[in-house]
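All remarks here apply to the structure that follows.
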Amino acid sequence: MAVRLGLTVLLMFGVTIVTFVLTNLVPADPVQAALGEQAAANPEIVAKFRAENGLDQPLVVQYFTYLGNVLQGNLGVSTQTRMPVADELAAAFPATIELALSAIVFSAIIGIGLGLWAALKRRTFVDQIIRVVSLIGLSWPTFWLALVVYYVFFFVLGIFPGSGRLDPTAIAPPHVTGLYTIDSIVAGQWGTFWDALYHLVLPASVLALYTIGLLTRFARSAVLEVLDMDYVKAATAKGLPRRTVVFGYVLRGAMVPIITVLGLAFGSLLSGTVLVEKVYSWHGLGEYSFSAATKLDLPAIMGVGLVVGIVYIGLNFLVDVLYGVIDPRVRVS
Amino acid sequence: MKHSMKRVFAATGLVAAAALVLSGCAGGAKPDTGEAAGGGKSIVVDASFDLKTADPGRQYETTGSIVAKALYETLLTFNGEDVTEPVDGLASYEMNEDNTVLTLTMKPGAKFSDGSDVTVDDAVFSLTRVQGILGNPSFLLEGVKVEKTGDDTLTLTSETPNPALPFILPNPALSVVNQEVVEANGGSADESDDAEAFLNGQSAGSGPYMLESFDAAAQVVFKANPEYTGDKPAYDRVVLRNVEGPTQKLNVEKGESQVALDLNPDQVAELASADVKVVSNPSRYMIFLLLNQNPEISEITSNPDFLQAVKLGLDYDKIVSLAGEGSVRPGGPIPSLFVGAIDAKQGNQRDVDAAKAALKKSGYAGEKVTLNFPNDITVQGLSLQNVAEAVQAQLSEVGIEVALAPAPVATELDAYRNGTETIGLWYWGPDFPDASNYTVFSPGELVGLRSGWAADANPKVTELSNAAKAATGEDRAPAYEAWQDELNASGPFVPLLQPAQNVVTSPSIESITTNPVWTVDLALIK
């Protein structure tokens, strides 16, 4: 555990170096991007901006200042909004977490279920259908799909609401976690809870479709592999009920590779929701990172890089722990 | 097989039922709303945000101006869409004969949202704060001395004649804030000012609205200011949301929002049969080409005959038609909305034969010249990529080979502002609606230098520019017209078009008033 913790700290240190170096390698001047036409032509304003943002210091000094600040939980101040990046991330991150969690839960239930079903019905019509559907799920361009789904279910059918996380006239629930569904329950605002849940359905479904396709294919092949194992055959031969064999032996045995994919999929959902967030005006981490990149907001870009890095490291750790829970042999080794 | 199909149908039915139950539950449940709490009519306005702050003295972006205009008042203003004549705001004004001293007399009666009177001290503090905090809009009052000269008067004194000053003052960046409240929350009139965070939480103005909530990424909510002494706005609550163009279109068609501010020409064209109202007017933005005159950057584009060939080779009407209804072609750099603008007929016209002749004279041998432009931004929804492609195709017809070099704006800005682009495709949004704002296109000036046009590069244009700056009264318009005529003849800039500003509203909206300075006045939506 101590080794793992040490590795995690080293990885985090590496993430700060990589994000800092990559961000500062961009061949553009953040001052030009942040200041207006006339302000950028005024040496006094430019000098003030450079000094305020530490851009007048050598890069090495900038890095150690940045590292020192990060260790104190200070991710710097956005050059665009002049607000603390940590505060802005704290506002954007829960929105994406809520979306990604909904998508991953939905994907896990449907994807693993379909993969298992397809494997158990190997080479039947059902298997073929599921494989085709999962391939289609993987093949849609997300931005296009997001627009089509929005058009059909909001505009034409009118059964789901428009953009945003809540109705425009609604007041967000008091901040506890930043996840509107959870916070509205905590506050006892049931109307807001249903409204938040209702707004989640379309973007979460669009995001889930790709992950469902991915999980279905992985789950199918993982289950097929386990089905050929001797212990499964032995369990069947012993006359154990099919349900026990499937859920107690087959699925459990197939879960290790599935968990790996699930972890990776969740990570990519968190860092890659930008297109869906844009269509659904979700204003989460994806949109924040896009805006930071296009406006060359260096502290914000580094903040996003750091958060995504932490998430991936955390997920890897979680996946490793889950391996041990599912398969004790992994824990022993 | 039969058994399997049954399960497929059962699973599909279950998912459909779950969706219906969910939509039914949510449809029946009403969220806790501000409307319910505050009462009164409310509207939703969709915009594509470039918002940074609700501090009027620090904002200098399109969305920031919409927000500041709703929350604050300025000393002078414009009447509706007309920006050709400043009118009284919180004060009346009088300019001295040599255009160096502007005297403003505060009008009695205006009140801040906390009920206190708007005083001359508040006005002086607000203007000196904008100067002192060195933000993006600080240049608006550069070289201007702001002084209180009486119980209800202040003067703005310029070192050199500044006839544009009454046109600058309506800018929402120069809004009057409540000095006592702002100072109590860290505000000052110098670089130590720390009131921005406070002003992002609540407003301190005398405008038609107050800030209910502010989220620079997502939405700004306004509620009516009960102390506002002007005409009461038709809507008590306005939600200004950050929504992408394609989603804005669906929202306004569906009635989810009542106003959409950022639809591009294609989206507007698709709305022809929809039950919405479209207002298309020429925008304040002028899209232009610059050809670098510095031989070290390009021997080709700095050749006067090559420059002439480009000017004669472009089909201006076709480029304008790309931008859809409401777009127009300005005759020179000054947009058609402002005093001093010239007619498109006075601008360069296409003449393919003359272009080919000029090109031959220039000695151009078919080398590729690079056209740089930002490809991740739009101007009023119009992609510069479309304009660049049209320019490339049209110049190819006269024998000029153009290589397109699109890049993200954050990186391309460096090359543009440092004057290292060979040919650049950019736009200029006016800082204030006065012709003097465009003299930056003269040799040695801000934009002139970006095209490698040094101060002594063209004495005739410089002379006409200086004459225009010094002109007063009725002499101003002809002076600026003469300057633009010469710029068209010998300058390195090729003004192409003013894209349309499209505002789409749902049928419930009776009228909406656009303005080139603050885009739209939320309080005037009826």
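Proteins get letters first, then strands, A, B, ... in listed order; numbering begins at 1 in each.
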Quick check on Phe290(A): does its CZ atom have over 12 non-hydrogen neighbours (other residues, nucleotides or ligands) under 6.0 Å away?
no
Evaluate the side-chain proximity of Pro408(B) to Thr294(A): yes if any heavy-atom separation is below 4.5 Å, no if none is.
no
What part of Asp215(B) lies closer than 4.5 angstrom to a heavy atom of chain A: side chain, backbone, both or neither?
neither
Pick one of side chain, backbone, both or neither for Glu287(A), based on which atoms fall under 4.5 Å of a heavy atom in chain B.
side chain
With a 4.5 Å cut-off on heavy-atom pairs, point out which of Leu449(B), Thr411(B), Val440(B) contacts chain A the most.
Thr411(B)
Short side-chain to backbone donor-acceptor contact, Lys48(A) and Ile133(B), under 3.5 Å:
yes
I need the minimum non-hydrogen distance between Gln32(A) and Asn418(B), along with the two atoms involved.
NE2-OD1, 4.4 Å
Kindly say whether Asp29(A) contributes a backbone atom to a donor-acceptor pair with the side chain of Asp414(B) at under 3.5 angstrom?
yes
Looking at every non-hydrogen atom in both residues, tell me the closest pair between Arg417(B) and Leu35(A) and how far apart they are.
NH1-O, 3.3 Å
Given a strict heavy-atom distance threshold of 4.5 Å, which part of Asn200(B) is in contact with chain A: side chain, backbone, both, or neither?
side chain
Below 4.5 Å from any heavy atom of chain A, which atoms of Asp376(B) appear? Answer side chain, backbone, both or neither.
side chain
Hey, could you give me the CG/CG distance between Leu147(A) and Leu250(B), rounded to the nearest 0.5 Å?
7.5 Å
By a 4.5 Å heavy-atom criterion (distance strictly below it), what part of Phe139(B) contacts chain A: side chain, backbone, both, or neither?
side chain
So for Phe154(A), is it side chain, backbone, both, or neither that comes closer than 4.5 Å to the heavy atoms of chain B?
both
To the nearest 0.5 Å, how far apart are OH in Tyr280(A) and CD in Glu244(B)?
13.5 Å
Structural part of Glu142(B) lying under 4.5 Å from a heavy atom of chain A
side chain
Is Tyr150(A) atom OH crowded by more than 12 heavy atoms from other residues, nucleotides or ligands, each under 6.0 Å away?
yes
Between Ser281(A) and Asn242(B), is any side-chain donor less than 3.5 angstrom from a side-chain acceptor?
no
Side chain from CB out, backbone as N, CA, C, O: work out which of these in Leu446(B) comes under 4.5 Å of a heavy atom of chain A, or both, or neither.
side chain
Interchain contact, Tyr151(A) with chain B, by part (heavy-atom threshold 4.5 Å):
both
Could you tell me the separation between the CD atom of Glu196(B) and the OG1 atom of Thr81(A), rounded to the nearest 0.5 Å?
8.0 Å
Does any backbone or side-chain atom of Thr53(B) lie under 4.5 Å from a heavy atom of chain A? Answer side chain, backbone, both or neither.
side chain
CA sep, side-chain torsions, deciding dist, call: Glu37(A), Trp428(B), side chain to side chain contact (heavy atoms under 4.5 Å, CB included)
CA-CA 9 Å; Glu37(A) 293 273 3; Trp428(B) 183 260; 3.7 Å; yes
Please round to the nearest 0.5 Å and tell me the distance separating atom CD of Glu256(B) and atom CG of Asp167(A).
7.0 Å
Residue Val243(B) versus chain A: region with a heavy atom under 4.5 Å
both
Derivation of the side chain to side chain contact (heavy atoms under 4.5 Å, CB included) call for Arg82(A) and Arg58(B):
CA-CA 10 Å; Arg82(A) 294 175 292 278; Arg58(B) 291 185 186 272; 3.6 Å; yes
N/O donor-acceptor pair under 3.5 Å between Thr247(B) side chain and Val279(A) backbone
yes
Quick one: of Ala33(A), Pro168(A), Gly113(A), Ala41(A), who has the most non-hydrogen atom pairs under 4.5 Å with chain B?
Pro168(A)
If we only count heavy atoms from C-beta on, is the Arg241(B) to Ser163(A) side-chain gap below 4.5 Å?
yes
Please round to the nearest 0.5 Å and tell me the distance separating atom CG of Asn136(B) and atom CG of Asn42(A).
10.5 Å
Atom pair CG/CD of Asp50(B) and Gln80(A) - distance to nearest 0.5 Å
9.5 Å
